K.L.:
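Below you'll find the structure I mean.
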Amino acid sequence: MQGKLVLIDGHSILNRAYFGVPDLTNSQGLHTNAVYGFLNIMFKILDEEQPDYFAVAFDLHAPTFRHKMYDAYKGTRKPMQEELREQVPVMKEMLTAMGVPLMMLEGYEADDLLGTAAKKAEADGLTVSIISGDRDLLQLATDRTKIRIPKTKKGKTEIEDYNTAEVVEKYMVTPPQIVDLKALMGDASDNIPGIPGVGEKTAGKIISEYGSIENAYAHVEEIKPNKAKESLREHYDLAQLSKKLAKINTESPFTLDMEQAKMGNLFTQEAFELCKKLEFRNILPRFSCDAPSDSVSDSFAVVTDLSEAEEVFVRAQKSGEIGFSLLTEQGELFGLALAPDEEHVYFIKKEGFLTEGYLTEKCLQLLQEGRMAYTIDLKEQLAFLRAGISDRAKIADAAIGAYLLNPLKGQYPCEDIAKDYASLMIKGRAELFGKAPLAKVMEEQPEELAQYACYLAYTAKAAMPVILQKLRENQMLELFRDMEMPLVYTLYDMQEVGIRVNAQELKAYGEELYVRIVELEQEIYRDAGEEFNINSPKQLGVILFEKLKLPGAKKTKSGFSTAADVLEKLAPDYAIVAKILEYRQLAKLKSTYADGLAGFIAADGRIHGTFNQTITATGRISSTDPNLQNIPVRTELGRLLRKVFIAKEGYVLIDADYSQIELRVLAAMSGDETLIAAFRDNADIHRLTASQVFHIPFDEVTPLQRRNAKAVNFGIVYGISAFGLSEDLHISVKEAGEYIDKYFQTYPKVKDFLDNAVKEAKEKGYAETLFHRRRPVPELKSGNFMQRSFGERVAMNSPIQGTAADIIKIAMIRVNERLRAEQFQSRLILQIHDELLIEAEPSEVEAVKELLAQEMVNAVHLSVAMEIDMKTGNSWYEAH
DNA sequence: TGGGTCACG
DNA sequence: ACGTACGTGACCCAG
């Protein structure tokens, strides 16, 4: 027989992949990183070796599969991590689906099977490669059996190859002598005890000189150093036992069926399905047998003349459900992609008679005629459509739907939606065009761009029915239709209106900061005795804790912690630390806010940020470019910045915020009578909590007690832990635990509610809001205590934070719609989680306040009423 | 690009 | 024994 056999040590490579690849989970919460890493290593090897035969060995039982570094340090055995364990059967399923034989035999370890198969194959005339992370296998190396050990260096996988020569070169012993070597030095991860006091160096010296343990023992008097001599004498039996353990049995009764091991097509339909289920997007393109993209794109056509375009629109008009996408960037329209049905997809290029006006008018016509219309990223297209859309209910955004089905992904590009909901593998924009702006792509790759646009429309058309069905199954259709889709328009409107900023004042603010920053810089350098980069936590840590030897050093991964809570403890005693804290505060205000915001002021003197609807895990909105949801307020200096956020000429700002929305939601969702009554009576909730938890008359609560109670209330909402509370309040964990116990005694139904939230999330796999918004919590399945605890806190927090987010979404949609429908000049301009900011025409102020109160308070009717606070002013500073 | 830090709710 | 509060985004540094 001729040819090449490749064997993989399954558990070893899976283990290596597990620790080498960052944690991945699919949308069902199944951990997939080890399988993913294994496949990548496997493909790399197979590409390189092009073997004729291929098989993977597994131990039949792997109860103590473990992380070697950890064990070496701890000196204990630990059960295999749950996240890894659950991937073993998946890996086997994948290999089986690929037609790869699994080498397993009761009573033998994978090592033995590998050794046996390699020896036999070599005797039959094959060359052999064994892939493993385990250096024990080096004993199997020969001139025709190569041991290949993958190593991760700087994120890249490099493979070390060992035939006889390489083993001799690196270890100064022959492969069979590796057994003796291991027996002497021991191996914690394989439970080989070895000889105490003999390490790698000494063992190497002994074996290269005497050839074997037996011979070394025969010449034991000559062995140096003395320590090793004594130890070998004393532990000779241990050495023999170790040798037995280290020796791989190449005579096991295992035989590898070479017919089964013959390399075939790995990329079977079953393997494809499994990869899809595991969401291995990067691996899927290897399945060339399944290339629906080619057949789909056959139905794509580019349209550049008027009569053809008219025909397309006629065809679209006959369809009851179309996919569409206006290809646009930075206010410029490039064309319209239309998918009247899945067999006909067109990209109508903006060109000649096909003007922007024509395309948008035709598109609107289709949207107005009552058919369902599906797209991806509607908000991006609204610049051309907003004014003309009359029946919003017929338009659905697939990206928003995909977000609701799995809000953990963070991004919902067309290619992901195509893969997840239309079983279609396509290339994404980044892959096709990188970061090039569309205008440039249009010049250089017009055909590819047209095809990409067609995919947008096609994917929307093909995926949306699937998405809607899943939403229906999850009882999320109302959430989608009545909350998230209308919100698209609200957010677009807010972005469009923007907020006015006084550029001169902002500049002046920045300059004042600069003066003080320079002063502080000089003083800090003087105190430190040298100049350094204060902005570098690394350099700062060295100055403070090494040069100046300040106490209280805490370590982070990469050096000393210089976080504010550490520095604050030192500030009273060390002037330099106080100055650094002030410097930090000012530097932050200057770089992020004074300078940062200035760059976003548009020609109209306003900032038009972006509100993102598909980012957060809980259902909140996020704000970017710039982030207008984290404008300073907590310190006076920072708060002053809000003076530059002003209403347009002659207008005022109205700020309305929900009072204690999350605690009210908690009260309502838990049904706790005490808490509900407290809100009904409009009590000071933190003071009340303090009086009940600490058993003090309401009027005698001290400010400190109130502050502590407030922290407990926050903690409850965050998913309480005694440790977290103790950190926050600077008290002992024990004390914090007592506070929590007392809190739960006071509000027993809150405890029931939180316990139940965790229980339900564990059963269902997700946490849920009052409006059926879901957040998957895969961490609850983790075998890792820390991760699981995190999952529990998430399960407690998400329904509360998420329900509050739902409520304000309802309110802001209604406020925006009423302002516009009732012909107000006033406009909604910002949302900051529990707060709405309105730019109001002065004569409308009273009516708008009334409107705000109505819509915010009546957004939901729970057993606890929602209350709001409102204020009016010329700037955000005054209004809040 | 990831970590540290810090701004907000 | 483990080592944390929940949710975000921007800036800076270092490799």
Side-chain angles (χ1 to χ4, degrees), chain A residues 22 70 74 76 78 154-155 407 410 532-541 554 556-567 580-581 584-597 599-600 609-612 615-635 637-639 641-642 657-658 660-662 711-712 714-729 733 736 740 767 775 777 779 783-802 804-805 808 830-835 880:
Chain A
Y70 183 79
K74 285 282 174 187
T76 58
K78 229 198 153 181
K154 296 174 189 170
F532 64 101
N533 188 342
I534 309 169
N535 287 321
S536 162
K538 196 176 160 186
Q539 293 181 35
L540 180 61
K554 258 204 302 189
T556 66
K557 282 173 194 168
S558 54
F560 300 104
S561 168
T562 66
D565 61 335
V566 174
L567 299 192
I580 288 165
L581 282 168
R584 279 247 180 98
Q585 191 203 0
L586 302 190
K588 175 93 177 178
L589 289 172
K590 180 150 192 334
S591 69
T592 301
Y593 298 104
D595 299 348
L597 289 172
F600 285 100
T610 305
F611 289 102
N612 310 291
I615 297 291
T616 70
T618 53
R620 278 188 174 181
I621 290 163
S622 97
S623 163
T624 51
D625 307 303
N627 183 352
L628 293 169
Q629 290 179 322
N630 73 345
I631 302 302
V633 69
R634 291 176 189 171
T635 68
L637 183 67
R639 190 178 200 139
L641 181 76
R642 294 187 169 216
D657 69 295
Y658 279 110
Q660 309 286 5
I661 186 167
E662 290 185 338
V712 176
F714 267 98
I716 295 291
V717 170
Y718 289 160
I720 195 88
S721 82
F723 181 89
L725 184 64
S726 73
E727 284 285 290
D728 192 50
L729 289 180
V733 175
I740 294 168
R775 181 213 171 129
V777 195
E779 295 87 350
N784 177 304
F785 172 83
M786 211 177 70
Q787 286 219 24
R788 203 170 53 247
S789 306
F790 172 72
E792 288 168 1
R793 293 195 295 273
V794 162
M796 295 188 249
N797 170 265
S798 296
I800 304 171
Q801 187 182 124
I808 193 156
L830 289 185
Q831 185 253 41
I832 310 98
H833 307 308
D834 64 352
E835 170 186 358
H880 188 71

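Every value quoted in this text rests on a predicted model; they were computed, and no experiment measured them.
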K.L.:
Any side-chain to backbone donor/acceptor pair from A:Arg793 onto A:Ser721? Under 3.5 Å, distance only.
P.N.:
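No.
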
K.L.:
Quick one: CD1 on A:Ile534 to OG1 on A:Thr562, what's the gap to the nearest 0.5 Å?
P.N.:
11.5 Å

K.L.:
Using atom OH of A:Tyr593 as one end and atom P of C:dC12 as the other, report the distance to the nearest whole Å.
P.N.:
13 Å

K.L.:
Distance from A:Phe611 atom CZ to A:Leu830 atom CG, nearest 0.5 Å?
P.N.:
5.0 Å

K.L.:
Atom CG of A:Asp595 to atom C1' of C:dC12: distance rounded to whole Å?
P.N.:
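Nearest whole value for this atom pair: 13 Å.
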
K.L.:
What is the distance from CG of A:Asp625 to C1' of C:dC11, rounded to the nearest Å?
P.N.:
13 Å

K.L.:
With side chains defined as the heavy atoms from C-beta onward, is the minimum distance between A:Val794 and A:Glu779 less than 4.5 Å?
P.N.:
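No, too far: nothing below the 4.5 Å cut-off.
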
K.L.:
Would you classify A:Leu725 as touching base, sugar-phosphate or nothing, given that sugar-phosphate means primed atoms plus P, OP1 and OP2, and contacts are heavy atoms under 4.0 Å?
P.N.:
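Base contact.
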
K.L.:
Is the shortest heavy-atom distance from the side chain of A:Glu662 to the side chain of A:Asp834 under 4.5 Å?
P.N.:
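A:Glu662 does not reach A:Asp834 side chain to side chain.
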
K.L.:
Across the strands shown, which category fits A:Ala587 at heavy-atom distances under 4.0 angstrom: base, sugar-phosphate, nothing?
P.N.:
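No contact at all - A:Ala587 keeps every heavy atom at 4.0 Å or more from the nucleic acid.
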
K.L.:
Using a cut-off of less than 4.0 Å, is there contact between a side-chain N or O of A:Arg775 and OP1 or OP2 of C:dG7?
P.N.:
yes

K.L.:
Starting at NE2 of A:His833 and ending at P of C:dT8, how long is that distance when rounded to a whole Å?
P.N.:
10 Å

K.L.:
Just to be sure I understand the rule, does A:Phe790 reach a base, reach only the sugar-phosphate, or reach nothing, if contact means heavy atoms closer than 4.0 Å?
P.N.:
sugar-phosphate

K.L.:
At under 4.0 Å between heavy atoms, what does A:Gly719 touch on the DNA or RNA strands: base, sugar-phosphate, or nothing?
P.N.:
nothing

K.L.:
May I ask you to say what A:Ala767 touches in the nucleic acid, namely base, sugar-phosphate or nothing, with a heavy-atom cut-off under 4.0 Å?
P.N.:
nothing

K.L.:
Among the candidates C:dT8, C:dG7, C:dC11, find the nucleotide nearest to the side-chain atoms of A:Ile615.
P.N.:
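Closest nucleotide among those given: C:dT8.
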
K.L.:
Take atom P in B:dG4 and the same atom in C:dG3, then report the distance between them in whole Å.
P.N.:
15 Å

K.L.:
Please list, in 5' to 3' order, the outermost nucleotides of DNA chain B lying under 4.0 Å from any heavy atom of chain A.
P.N.:
B:dG4 to B:dG9

K.L.:
Starting at the 5' end of DNA chain C and moving along, which residue's nearest nucleotide shows up first, A:Ser798 or A:Phe723?
P.N.:
A:Phe723

K.L.:
To the nearest Å, how far apart are A:Asn797 CG and C:dC6 C1'?
P.N.:
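That distance rounds to 4 Å.
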
K.L.:
Across the strands shown, which category fits A:Ala804 at heavy-atom distances under 4.0 angstrom: base, sugar-phosphate, nothing?
P.N.:
nothing

K.L.:
B:dG3 and C:dA5: how far apart are their P atoms, nearest whole angstrom?
P.N.:
15 Å

K.L.:
Distance check: side-chain N/O of A:Arg793 vs OP1/OP2 of C:dC6, anything under 4.0 Å?
P.N.:
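Yes, A:Arg793 has a side-chain N/O under 4.0 Å of OP1/OP2 on C:dC6.
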
K.L.:
Let me confirm one number: the CG-CZ distance from A:Leu540 to A:Phe532, rounded to the nearest 0.5 Å.
P.N.:
5.0 Å

K.L.:
Atom CD1 in A:Ile661, atom CD1 in A:Ile800: separation rounded to 0.5 Å?
P.N.:
12.0 Å

K.L.:
Can you check nucleotides 13-15 of chain C for protein contacts, nitrogen or oxygen pairs under 3.5 Å, and list what you find?
P.N.:
| unit_1 | atom_1 | unit_2 | atom_2 | d |
| --- | --- | --- | --- | --- |
| C:dC13 | OP1 | A:Asn533 | ND2 | 2.8 |
| C:dC13 | O3' | A:Ser536 | OG | 3.2 |
| C:dA14 | OP1 | A:Ser536 | OG | 2.7 |
| C:dA14 | OP1 | A:Gln539 | NE2 | 3.1 |
| C:dG15 | OP1 | A:Lys538 | NZ | 2.7 |

K.L.:
Are A:Leu589 and A:Pro632 close enough that some pair of their side-chain heavy atoms sits under 4.5 Å apart?
P.N.:
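In contact.
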
K.L.:
When you measure from the side chain of A:Ser623 to the backbone N and O of A:Leu628, does any donor-acceptor pair fall under 3.5 Å?
P.N.:
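Yes, because the side chain of A:Ser623 sits within donor-acceptor range (under 3.5 Å) of the backbone of A:Leu628.
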
K.L.:
Counting runs of three or more consecutive pairs, Watson-Crick or G-U wobble, with each distance below 3.5 Å, where are the stems of DNA chain C?
P.N.:
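If one scans DNA chain C for consecutive Watson-Crick or G-U pairs, the stems found are B:1-9 with C:6-14.
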
K.L.:
To the nearest 0.5 angstrom, please state how far the CD1 atom of A:Ile720 sits from the CE atom of A:Met796.
P.N.:
8.5 Å

K.L.:
Rounded to the Å, how far apart are A:Asp565 CG and C:dA5 C1'?
P.N.:
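My rounded result for the distance is 13 Å.
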
K.L.:
Quick one: does A:Asn797's side chain get under 4.5 Å of A:Val717's, heavy atoms only?
P.N.:
yes

K.L.:
Rounding to an integer number of Å, can you tell me how far A:Gln801 CD sits from C:dG7 P?
P.N.:
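From A:Gln801 CD to C:dG7 P: 7 Å.
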
K.L.:
Hey, does A:Arg634 reach any base, or is it just sugar-phosphate, or nothing, if we go heavy atoms under 4.0 Å?
P.N.:
base

K.L.:
Going by heavy atoms in the side chains, are A:Tyr593 and A:Asn630 under 4.5 Å from each other?
P.N.:
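Yes, at least one pair of side-chain atoms sits under 4.5 Å.
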
K.L.:
Would you mind classifying the nucleic acid contact of A:Asn627 as base, sugar-phosphate or nothing, using non-hydrogen atoms under 4.0 angstrom?
P.N.:
sugar-phosphate

K.L.:
Round to the nearest Å and state the distance from A:Ile800 atom CD1 to C:dC6 atom C1'.
P.N.:
9 Å

K.L.:
Quantified in whole Å, what is the P atom distance between nucleotide C:dT4 and nucleotide B:dT5?
P.N.:
13 Å

K.L.:
Check if the side chain of A:Ser721 and the base of C:dT4 share a donor-acceptor pair of N or O atoms closer than 3.5 Å.
P.N.:
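Answer is yes: a donor-acceptor pair is held.
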
K.L.:
With rounding to the nearest 0.5 angstrom, report the OG1 to CG distance, A:Thr592 to A:Asn627.
P.N.:
10.0 Å

